[in-house]
Amino acid sequence: MAYDEELAERIRELIVPGPELTERKMFGGLAFLIGGNMAVAASGQGGLLVRVDPEEGERLLGDAVQPMVMGGREMVGWLRVTTTDDDKVLREWVERGVAYARTLPPKKK
């Protein structure tokens, strides 16, 4: 399944553009990277992938927020948000992912 292009556009509108922001197609979705670190992605499996502090991940789980699973393995520090229709909720998740990605050292080019 291809990623939701409408969701990708909504994410794009929420992230302040800058030289550290890049977009890259990855894992069937469209990822938004800050300094080379993935912050959020419009997932090819539906919904939003959000990078979070691994120590906070479990606390953030809920009905519409599950651990990201890749290749049958749970990815610590990554969450899948399945409800993205509410603009306020989407903004909060995008801001959370971007804020965490900004705490990470930039990837070398």
Side-chain angles (χ1 to χ4, degrees):
M1 175 165 98
Y3 66 90
D4 180 340
E5 291 186 29
E6 181 182 322
L7 175 59
E9 184 59 35
R10 289 172 60 217
I11 294 167
R12 196 174 285 118
E13 291 172 2
L14 293 171
I15 298 179
V16 177
E20 76 282 1
L21 174 66
T22 56
E23 295 179 22
R24 185 176 308 153
K25 290 184 180 180
M26 300 175 72
F27 314 115
L30 183 65
F32 294 83
L33 298 90
I34 305 293
N37 293 294
M38 195 181 329
V40 296
S43 173
Q45 297 175 354
L48 178 73
L49 301 179
V50 183
R51 189 165 192 181
V52 298
D53 183 331
E55 293 183 14
E56 292 183 1
E58 197 161 319
R59 176 182 64 80
L60 298 169
L61 297 176
D63 290 337
V65 182
Q66 300 299 317
M68 178 183 152
V69 176
M70 182 179 276
R73 196 174 118 229
E74 191 173 300
M75 305 300 290
V76 176
W78 285 95
L79 301 175
R80 178 179 301 282
V81 179
T82 57
T83 303
T84 58
D85 294 339
D86 184 311
D87 288 338
K88 181 181 177 200
V89 171
L90 179 62
R91 175 180 298 279
E92 289 170 0
W93 282 109
V94 168
E95 287 176 354
R96 182 185 305 273
V98 168
Y100 182 68
R102 286 198 167 120
T103 69
L104 302 170
K107 300 263 179 139
K108 294 181 182 179
K109 293 182 181 183

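Residue numbers run from 1 in the order of the sequence given.
Annotation: side chain of Lys107 is not in contact with side chain of Leu33 (no heavy-atom distance under 4.5 Å). Residues Ile34 and Leu21 have side chains in contact (heavy-atom distance under 4.5 Å, counting atoms from C-beta outward). Within the 4.5 Å cutoff, no side-chain heavy atoms of Arg24 are placed close to those of Met38.
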Side-chain donor/acceptor pairs under 3.5 Å, residues 52-63, sequence neighbours excluded:
{"from": "Asp53", "atom 1": "OD1", "to": "Glu55", "atom 2": "N", "distance (Å)": "2.9"}

Show which side-chain atoms of residues 67-86 pair as donor or acceptor with protein atoms under 3.5 Å away, not counting sequence neighbours.
{"from": "Arg80", "atom 1": "NH1", "to": "Ser43", "atom 2": "OG", "distance (Å)": "2.9"}
{"from": "Arg80", "atom 1": "NH1", "to": "Gly46", "atom 2": "O", "distance (Å)": "3.0"}
{"from": "Arg80", "atom 1": "NH2", "to": "Gln45", "atom 2": "OE1", "distance (Å)": "2.9"}
{"from": "Thr82", "atom 1": "OG1", "to": "Ala64", "atom 2": "O", "distance (Å)": "3.3"}
{"from": "Asp86", "atom 1": "OD1", "to": "Lys88", "atom 2": "N", "distance (Å)": "2.8"}
{"from": "Asp86", "atom 1": "OD1", "to": "Val89", "atom 2": "N", "distance (Å)": "3.1"}

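From Arg10, atom CZ reaches atom CG of Asp87 across 4.5 Å, with rounding to the nearest 0.5 Å. Rounding to the nearest 0.5 Å places CD1 of Ile15 at 5.5 Å from CZ of Phe32.
With sequence neighbours excluded, the residues that form a side chain to side chain contact (heavy atoms under 4.5 Å, CB included) with Ala42 are Tyr3, Leu7, Ala8, Ile11.
If you chain together hydrophobic residues whose side chains sit under 4.5 Å apart, Val40 and Leu14 fall into the same group.
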Please lay out, stage by stage, how Glu9 and Arg12 fare under the test salt bridge (charged side-chain N to carboxylate O under 4.0 Å, His left out).
CA-CA 5 Å; Glu9 184 59 35; Arg12 196 174 285 118; 2.6 Å; yes
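Closest approach of Gly97 and Ala39 over heavy atoms only: O-CB, 3.5 Å.
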